[in-house]
Amino acid sequence: MSLKVYNTFTGRKEKFTPIHEGSVKLYVCGVTVYDHCHIGHARSAIVFDVVYRYFTAKGYDVKFVKNFTDIDDKIIKKAQEEGISWKEVGDKYITSFYEDMEALHILKPTYEPKATEHIDDMVHLVETLLSKGNAYRIDGDVYFSVESYREYGELSKRTLEEMMAGARVEINERKRNPLDFALWKASKEGEPYWNTPFGKGRPGWHIECSVMSAKYLGNPFDIHGGGKDLIFPHHENERAQTESATGMRFVNYWIHNGFVNFEKEKMSKSLGNILLIKDFVKKYHPEVLRLFFLSNHYRSPIDYNEKSIEDNNNALNRLYYALERVADIQKKGITPQKYTEADEIERNFYEAMDDDFNTALALSSIFEISRTLNRMIDEGDESLVPFIVYAHNQLISFANILGLLEDEVNTFNVYEKQRHVNRIGLALPAIEEMVQERVEARKNRDYKKADRIRDILSEKGIILQDTPKGTEWRVKNIPSLKGEG
RNA sequence: GGCGGCAUAGCCAAGUGGAAAGGCGACGGUCUGCAAAACCGUUAUUCUCCGGUUCAAAUCCGGAUGCCGCCUCCA
């Protein structure tokens, strides 16, 4: 089974061939730590988390680097606004970032370097570019000369002429070419700085990624990823810097994820429609967001809307319910039994993932197994238990490659119920009491009363299931509750 | 102005040459006191429109319409 990935650089799906057999060196641009993460950050984190998990599942030894950009204009601005130091701003949002990533079950990368811990290396890279004639100094600033790098624009598919024609580049008389970008910026009064051969200053954007990718992965490395918006200028500039300095190829495969729109509009501060990860997880299980993202191709734009989230919430509940049903089956000491249909599902799953991480198609395998499981459980035939155990293991293993179904069933149910009762303002004991009251009514064949209780709960988005084990209640969202909480 | 992308059922969505995945919803059935859940079945003879290439096109080519992104900080 060979994996194909879409390479932004060539604009085609290509067979993935690592530099060193059996290993993958992956660098993904992390966040600039000046604010809380929103669901757009979540998409990128989830997409590359799945890339990481999938390579690992295929047996690759993956070195995965995700950086923090912890010095930058926006951080400095934030520090001034809040009256704290740039370092405190960074620390605050790094903490926030980790909370969010943990909530979303994002696996920890191998390395998570911070820009400011690599200043010496950056200075060294700037010196190299200066000595090679790719950079020039103006007062305390150092700029990269885009004309010195013949391939400039090849990644983002545009030429210098075209970019100039765009004419929306900043006017800076001092630069040799308006498209030249800062490698190093002289610090103004009150701004953070490091002492360097070019004077007191701080790094420009882009350079931290060139430095940290080289340090932890070497050049060239296999895959560089990030959001689509980073193609230009960020990744174009990283490439220009690194290739000019090393004379070597920078990256073999470029992978970029599409954007998240919010109710058909671009998320932006001015529209005030930015949904933070922290706010999402208050309302829904984090795997709902993951399922939603993975049911779309990672390169397509995706529209976040309440209806889709509710749909995926229902779908996720169904998967967990299948797990719950399996949990009720006595399977101690049972040896799992492989069967043909399971083999086929497995093949489909891997084929989908091998085709440029087609998670939407891979998910269909997961729903297939869940259906198979339910069917076998419905049969109630003891002899099927080994097959049930096999299918169950398979379901968990595929789902986990996508970072789904990672909660214990009980944890999930408790979480769902708690979230729901908070939303409707009913206490758990009150619900249990009503359920018990209905159980009594049913015993007495007072079905009128029983049905009345069921209706009351139903209006609160709670459904009752009378099973052989007794009466259980579950959360079933109803339209009138949408948007609340 | 330049570059690029998208248009598939009621909704979301995969599929880029050979019988239209999957999810949500709806409807019918099994089950049930009635339900719910689960399962079974039905729900796009057709993929925005118009031409063309081909034995064969949602998929390739040309055109039209509509939507979106990037070119400036941005995941």
Could you please name the partner base of B:G4, counting Watson-Crick and G-U wobble pairs only when both distances are under 3.5 Å?
-> B:C68
Presence of A:Asn312 side-chain N/O under 4.0 Å of B:C12 phosphate oxygens OP1/OP2 = no
Would you mind reading off the distance between A:His36 atom NE2 and B:A75 atom P, rounded to a whole angstrom?
-> 15 Å
Out of B:A38, B:G25, B:C34, whichever nucleotide has its closest atom nearest the side chain of A:Asn314 | B:G25
Pair assignment for B:A20, Watson-Crick or G-U wobble, requiring both distances under 3.5 Å | none
Find which nucleotide of RNA chain B each of A:Ala362 and A:Thr467 is nearest to by heavy atoms, and output the residue with the more 5' nucleotide.
-> A:Ala362
Have a look at A:Asn305 and say if it touches a base, only the backbone sugar-phosphate, or nothing, with a 4.0 Å heavy-atom cut-off.
-> nothing
How far, in whole Å, is B:U32 from B:A26 if one measures between their P atoms?
-> 23 Å
Nearest to side-chain heavy atoms of A:Arg371, which nucleotide of B:C40, B:A38, B:A14 = B:C40
Have a look at A:Asp451 and say if it touches a base, only the backbone sugar-phosphate, or nothing, with a 4.0 Å heavy-atom cut-off.
-> base
Could you go step by step and tell me if A:Tyr6 and A:Tyr253 meet the ring pair (Phe, Tyr, Trp, His ring centres under 6.0 Å) rule?
-> CA-CA 8 Å; A:Tyr6 180 90; A:Tyr253 302 89; over 10 Å; no
What about A:Asn261, does its side chain sit under 3.5 Å from the base of B:C68 through a donor-acceptor pair?
-> no
Whole-angstrom distance between B:G23 and B:A44, as gauged at atom P | 16 Å
Whole Å only: how far is the NE2 atom of A:His234 from the C1' atom of B:C74?
-> 11 Å
Between A:Tyr304 and A:Phe262, what is the ring plane arrangement, given parallel below 30°, perpendicular above 60°, and tilted in between?
-> parallel
For B:U32, which nucleotide in any strand shown is its Watson-Crick or wobble partner with both distances under 3.5 Å?
-> none
Using the side chain to side chain contact (heavy atoms under 4.5 Å, CB included) rule, take A:Arg239 and A:Ser210 through it: C-alpha gap first, then chi angles, then the decisive distance, then the call.
-> CA-CA 8 Å; A:Arg239 187 169 111 92; A:Ser210 285; over 6 Å; no
Which part of the nucleic acid, if any, lies within contact of A:Phe259, taking any heavy atom under 4.0 Å across all strands shown: a base, the sugar-phosphate backbone alone, or nothing?
-> base
For A:Leu230, answer base if it contacts any base atom (sugar-phosphate contacts may also be present), sugar-phosphate if it contacts only those atoms, and nothing otherwise; contact means non-hydrogen atoms under 4.0 Å.
-> sugar-phosphate
Under 4.0 Å between a side-chain N or O of A:Asn296 and OP1 or OP2 of B:A13?
-> yes
With rounding to whole Å, what would you report as the distance between B:U48 and B:A7 at their P atoms?
-> 8 Å
How long is the line joining CG of A:Asp229 and P of B:A75, in whole Å?
-> 6 Å
Any donor-acceptor pair under 3.5 Å linking the side chain of A:Arg53 with the backbone of A:Asn400?
-> yes
Run the numbers on A:Asn317 and A:Glu416 for side chain to side chain donor-acceptor pair (under 3.5 Å), then give the verdict.
-> CA-CA 9 Å; A:Asn317 270 278; A:Glu416 278 296 284; 3.3 Å; yes
Classify the nucleic acid contact of A:Arg454 as base, sugar-phosphate or nothing, counting any heavy atom under 4.0 Å across all strands shown.
-> base
Closer than 4.0 Å, any side-chain N/O of A:Asn358 to the OP1 or OP2 of B:G15?
-> yes
In Watson-Crick or G-U wobble terms, both distances under 3.5 Å, what is the partner of B:A26?
-> B:U42
How is A:Ala315 classified with respect to the nucleic acid when contacts are heavy atoms under 4.0 Å: base, sugar-phosphate, or nothing?
-> sugar-phosphate
How close or far is atom C1' of B:A21 from atom CD1 of A:Ile366, stated in whole angstroms?
-> 14 Å
Describe the nucleic acid contact of A:Ser44 in one word from base, sugar-phosphate, nothing, applying a heavy-atom distance below 4.0 Å.
-> sugar-phosphate
With distance as the sole test, does A:Asn312 use its side chain to make a donor-acceptor pair with the main-chain N or O of A:Val288 at under 3.5 Å?
-> no
For A:His206 and B:A75, give me the distance from atom NE2 to atom C1', rounded to whole Å.
-> 16 Å
When you compare B:A20 with B:G15, how far apart are their C1' atoms, in angstrom units rounded to a whole number?
-> 8 Å
Have a look at A:Arg43 and say if it touches a base, only the backbone sugar-phosphate, or nothing, with a 4.0 Å heavy-atom cut-off.
-> nothing
Taking atom P of B:C67 as reference, at what distance in whole Å does atom CG of A:Asp303 sit?
-> 16 Å
Phosphate-side-chain proximity, A:Asn257 and B:A75, N/O vs OP1/OP2 below 4.0 Å = no
Name the nucleic acid region contacted by A:Ile463, choosing base, sugar-phosphate or nothing; use a 4.0 angstrom heavy-atom cut-off, strictly under.
-> sugar-phosphate
For B:U54, the nucleotide meeting Watson-Crick or G-U wobble distances (both under 3.5 Å) is none
Respond yes when some side-chain nitrogen or oxygen of A:Lys476 is under 4.0 Å from OP1 or OP2 of B:G25, and no when none is.
-> yes
Heavy-atom closest pair, residues A:Asn257 and A:Ser44 | OD1-OG, 3.3 Å
Expressed in angstrom and rounded to an integer, what is the separation of A:Leu457 atom CG from B:C34 atom P?
-> 21 Å
Consider the side chain of A:Lys307, meaning its heavy atoms from C-beta on, and name the nucleotide among B:G2, B:G10, B:U16 that approaches it most closely.
-> B:G10
Picking from B:A38, B:A35, B:A14, which would you name as closest to the side chain of A:Ala360?
-> B:A14
In whole Å, what is the span from the CZ atom of A:Arg318 to the C1' atom of B:C39?
-> 10 Å
Just checking A:Lys266: base, sugar-phosphate only, or nothing, at a heavy-atom cut-off of under 4.0 Å?
-> base
Using a 4.0 Å heavy-atom cut-off across all strands, classify A:Gly40 as base, sugar-phosphate, or nothing.
-> base
Side-chain N or O of A:Arg442 closer than 4.0 Å to phosphate OP1/OP2 of B:A35 | no
Among the candidates B:A37, B:A75, B:C40, find the nucleotide nearest to the side-chain atoms of A:Arg375.
-> B:C40
Respond yes when some side-chain nitrogen or oxygen of A:Trp473 is under 4.0 Å from OP1 or OP2 of B:A36, and no when none is.
-> no
Base, sugar-phosphate, or nothing for A:Val260, non-hydrogen atoms under 4.0 angstrom?
-> base
For the student: nearest non-hydrogen atoms of A:Gly30 and A:Lys66, plus distance = CA-CG, 3.8 Å
If pairing requires Watson-Crick or G-U wobble contacts with both distances under 3.5 Å, which nucleotide is the partner of B:C49?
-> B:G63
Would you mind classifying the nucleic acid contact of A:His38 as base, sugar-phosphate or nothing, using non-hydrogen atoms under 4.0 angstrom?
-> base
Pair A:Arg347-A:Asp343, salt bridge (charged side-chain N to carboxylate O under 4.0 Å, His left out): steps then yes or no = CA-CA 6 Å; A:Arg347 199 162 48 243; A:Asp343 288 344; over 6 Å; no
Candidates B:U16, B:C34, B:C39 - which lies nearest the side chain of A:Lys13 = B:U16
On the 0 to 90° scale, with breaks at 30° and 60°, tag the A:His235-A:Trp254 ring pair as parallel, tilted or perpendicular.
-> tilted
Using a heavy-atom cut-off of under 4.0 Å over every strand shown, decide if A:Phe367 touches base, sugar-phosphate, or nothing.
-> sugar-phosphate
